[in-house]
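Every value quoted in this text rests on a predicted model; they were computed, and no experiment measured them.
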Amino acid sequence: MKGHILIIDDEDQLRKLLSRLLTLEGYTMHEAGNIRSAMKILEKEEVSVVLSDVKLPDGNGVELVQTIRSRFPQVETIVLTAYGNIADGVQAIKNGAFDYITKGDDNNRILPLVSKAMDKARLQFRIRDLEKKIAGKYNFDNILGNSPEINAAKELARKVAPTDMTVLLLGETGSGKEVFAHAIHEGSNRRQQPFVAVNCSAIGKDILESELFGHVAGAFTGAVKDKKGFFEEARGGTIFLDEMGEMPVELQAKLLRVLEAQEFYKVGEAKPVKTDVRVIAATNRHLEQEIAAGNFREDLFYRLSVFQISLPSLNERKKDIPLLATWFIQQFSPKLNKRLTGMSPAFLQALQQHSWKGNIRELRNVLERAAILTDTDILDVSSLPFDFQQGVDSTSSSLRLADMERSHIIRVLAHVKGNKTKAAELLDIGLTTLYNKIKEYNI
């Protein structure tokens with residue numbers, strides 16, 4: 001079926017005629033003779049498009065548009081007018097109607113207009129469902145880990161989320177700062193508004209000001225039209241400024257003005273632009289040292305650090321590695337069309353012995369690589385990079401001769417960075433034999 005449509009009209013004959021016409025087009029139809037019964041249908045059924053008369057027994061169809069828009073924002077309403085009243089049509093559009101048509105005169109417009117309204121409604125329902133998924137993905141319960149260190153960080157984030165307070169997230173690269181920022185946004189009253197993430201280190205210093213605050217046409221060479229900046233895009237919501245320590249000192253003063261006065265200047269414009277945005281900042285640098293070196297403004301630091309949350313590195317929460325690894329494996333299995341059911345003791349031992357300089361991001365990459373390389377349902381140490389396998393108790397992995405030979409060949413290939421000629425020399429076997437072994441073991 002193409003979708004659900006509700007017709008609201010107290011004229012039975014017209015209502016049934018429209019219903020029959022749209023049913024033939026493949027739509028599922030609902031009918032109501034007044035506003036009261038129409039609202040009950042809207043609450044019960046997932047209606048996408050409403051066709052409503054202006055004059056109804058218990059109210060006005062133009063005013064109903066506003067009610068539907070506020071209570072069911074994804075639904076599109078087309079107003080039916082009896083006499084082509086321009087004032088009603090204009091007011092209906094202002095109230096949020098998709099369009100209005102005159103009964104009898106615009107019969108040829110009904111089907112294409114309903115089709116366009118249905119397309120728009122479908123898009124809005126998809127956006128709604130996507131927002132629900134995102135909200136579910138970025139809540140605090142989905143930040144994995146049960147170690148005291150991560151639980152303490154989550155508790156602080158939960159407490160500050162409902163406020164509008166600026167938050168400074170401190171932690172190593174890959175420790176999950178953006179995940180925390182998104183969870184704080186989803187836990188706030190701004191959750192229905194935009195969340196804009198900006199990596200200050202990934203944008204050139206010469207264009208960072210324009211990207212953050214926007215510019216007007218003619219502000220500089222190449223500025224052929226006005227451009228909105230990230231702060232304008234995030235209006236009413238949250239902006240996440242990652243790698244704050246990389247921001248140029250001259251630009252820090254402009255950010256301080258946003259925090260203190262909730263206004264900024266576009267590049268090339270003398271008039272300030274008012275904004276309403278919450279700022280969450282993050283850095284892996286020691287800002288006190290940057291202040292001493294003259295690379296960071298002290299007043300901005302104190303303004304940002306009203307509420308600090310320090311995120312533990314993966315090395316500080318190694319108890320969480322089995323839980324995190326299991327979750328990542330569950331994500332990779334369907335994508336790689338594999339049935340991965342677990343990890344060998346040696347595999348887990350290797351993960352917990354490793355020094356995770358890249359934190360959770362590195363763990364994810366290592367597990368994805370292992371999932372690609374493995375030929376079994378259980379991830380074993382042989383699918384890990386060579387440096388992970390040092391110091392691992394081999395008795396905890398397979399003792400089959402073929403498995404040990406396969407693991408040794410993989411280690412040697414990793415050691416010589418894939419150079420098969422060198423690998424064959426180190427293994428003291430012929431190059432043809434090595435190729436046969438690679439094929440036999442599916443390396």
Side-chain angles (χ1 to χ4, degrees), residues 144-147 150 172-176 179 312-429 433-443:
L144 297 179
N146 295 314
S147 62
I150 197 66
E172 295 178 4
T173 299
S175 58
V179 174
S313 66
L314 189 55
N315 290 324
E316 295 172 311
R317 47 180 294 217
K318 285 192 172 181
K319 291 179 181 178
D320 291 331
I321 287 178
L323 178 63
L324 291 164
T326 300
W327 188 85
F328 281 128
I329 290 169
Q330 289 171 349
Q331 303 305 304
F332 296 143
S333 291
K335 292 179 182 178
L336 299 173
N337 200 24
K338 292 187 176 183
R339 186 176 175 272
L340 301 175
T341 58
M343 299 162 280
S344 72
F347 187 91
L348 271 174
Q349 181 189 355
L351 294 184
Q352 294 188 307
Q353 286 180 354
H354 183 67
S355 178
W356 295 97
K357 294 179 181 178
N359 291 290
I360 297 172
R361 191 175 297 149
E362 182 187 359
L363 174 65
R364 183 190 188 283
N365 293 340
V366 167
L367 288 167
E368 186 170 19
R369 175 188 183 276
I372 291 170
L373 291 176
T374 189
D375 298 318
T376 64
D377 294 346
I378 303 293
L379 290 179
D380 190 61
V381 68
S382 61
S383 59
L384 287 169
F386 180 73
D387 59 318
F388 277 74
Q389 301 176 27
Q390 306 306 303
V392 176
D393 182 5
S394 61
T395 61
S396 61
S397 63
S398 174
L399 293 178
R400 291 175 60 244
L401 183 60
D403 290 342
M404 294 176 70
E405 184 177 44
R406 180 181 187 276
S407 297
H408 185 59
I409 291 172
I410 288 172
R411 290 192 191 98
V412 172
L413 284 168
H415 179 67
V416 298
K417 297 185 169 125
N419 187 317
K420 295 179 183 63
T421 303
K422 287 184 180 179
E425 291 175 2
L426 290 173
L427 291 166
D428 196 21
I429 59 176
T433 302
L434 176 59
Y435 273 102
N436 289 335
K437 294 284 185 184
I438 289 172
K439 184 176 181 181
E440 177 185 351
Y441 294 134
N442 194 24
I443 297 174

Open item on the list: Can a donor-acceptor pair be found, under 3.5 Å and without considering hydrogens, that links the side chain of R369 to the backbone of R364?
Closed with: no
Open item on the list: Please check: side-chain N/O of T374 versus main-chain N/O of A370, any donor-acceptor pairing under 3.5 Å?
Closed with: no
Task: Test side chain to side chain contact (heavy atoms under 4.5 Å, CB included) applied to L427 and L434, step by step - done: CA-CA 9 Å; L427 291 166; L434 176 59; 3.9 Å; yes
Task: Main-chain N/O of S313 paired to E316 side chain as donor or acceptor, under 3.5 Å - done: yes
Open item on the list: Listing request: all salt bridge (Lys or Arg N to Asp or Glu O under 4.0 Å) pairs with a residue in residues 342-351, at least two apart in sequence or in separate chains.
Closed with: none
Open item on the list: So which atom in A325 and which in L367 form the shortest heavy-atom distance, rounded to 0.1 Å?
Closed with: CA-CD1, 3.5 Å
Task: Minimum-distance pair of heavy atoms, taken over all atoms of V366 and P385 - done: CG1-CD, 4.4 Å
Task: Pairs flagged by salt bridge (Lys or Arg N to Asp or Glu O under 4.0 Å) wherever residues 319-328 is involved - sequence neighbours left out - done: R317-D320
TODO: To the nearest 0.5 angstrom, please state how far the CZ atom of F328 sits from the CG atom of L363.
DONE: 5.5 Å
Task: Over all atoms of both residues, closest heavy-atom pair of A423 and L413 - done: CB-CD2, 3.8 Å
Task: Any I410 side-chain heavy atom under 4.5 Å of L373 side chain - done: no
Task: No-hydrogen, no-angle side-chain donor-acceptor test under 3.5 Å, D380 and S344 - done: yes
TODO: Considering non-hydrogen atoms only, spot the tightest contact between A371 and F332 and give its length.
DONE: CB-CB, 4.3 Å
TODO: Kindly indicate, with the supporting measurements, whether the criterion side chain to side chain contact (heavy atoms under 4.5 Å, CB included) is fulfilled by Q330 and T326.
DONE: CA-CA 6 Å; Q330 289 171 349; T326 300; 3.8 Å; yes
- [ ] Answer yes or no: is there a side-chain heavy-atom contact under 4.5 Å between I409 and E405?
- [x] yes
Open item on the list: When you compare the side chain of W356 with that of K318, does any pair of heavy atoms fall below 4.5 Å?
Closed with: yes
- [ ] Indicate yes or no: at least one non-hydrogen side-chain atom of M343 is less than 4.5 angstrom from one of P322.
- [x] no
Open item on the list: Under the criterion side-chain hydrogen bond (donor to acceptor under 3.5 Å, both in side chains), I'd like the reasoning laid out for N359 against S175: C-alpha separation, chi angles, the key distance, then a yes or no.
Closed with: CA-CA 6 Å; N359 291 290; S175 58; 5.4 Å; no
Task: Spacing of L314 atom CG and I360 atom CD1 [to the nearest 0.5 Å] - done: 6.0 Å
TODO: Let me see the working for S383 and F347 under side chain to side chain contact (heavy atoms under 4.5 Å, CB included), right down to the final yes or no.
DONE: CA-CA 9 Å; S383 59; F347 187 91; 3.9 Å; yes
Task: Within residues 342-361 or reaching into it, pairs that qualify as salt bridge (Lys or Arg N to Asp or Glu O under 4.0 Å) - sequence neighbours excluded - done: none
Task: Inter-residue atom distance T341.OG1 - L379.CG, 0.5 Å rounding - done: 8.5 Å
- [ ] Output the distance between atom CG (L340) and atom CD1 (I378), rounded to the nearest 0.5 Å.
- [x] 8.5 Å
Task: Value rounded to 0.5 Å, distance of NE2 in H354 from CD1 in I321 - done: 9.0 Å
Task: Gap separating the CG atom of L323 from the CD1 atom of I150, nearest 0.5 angstrom - done: 11.0 Å
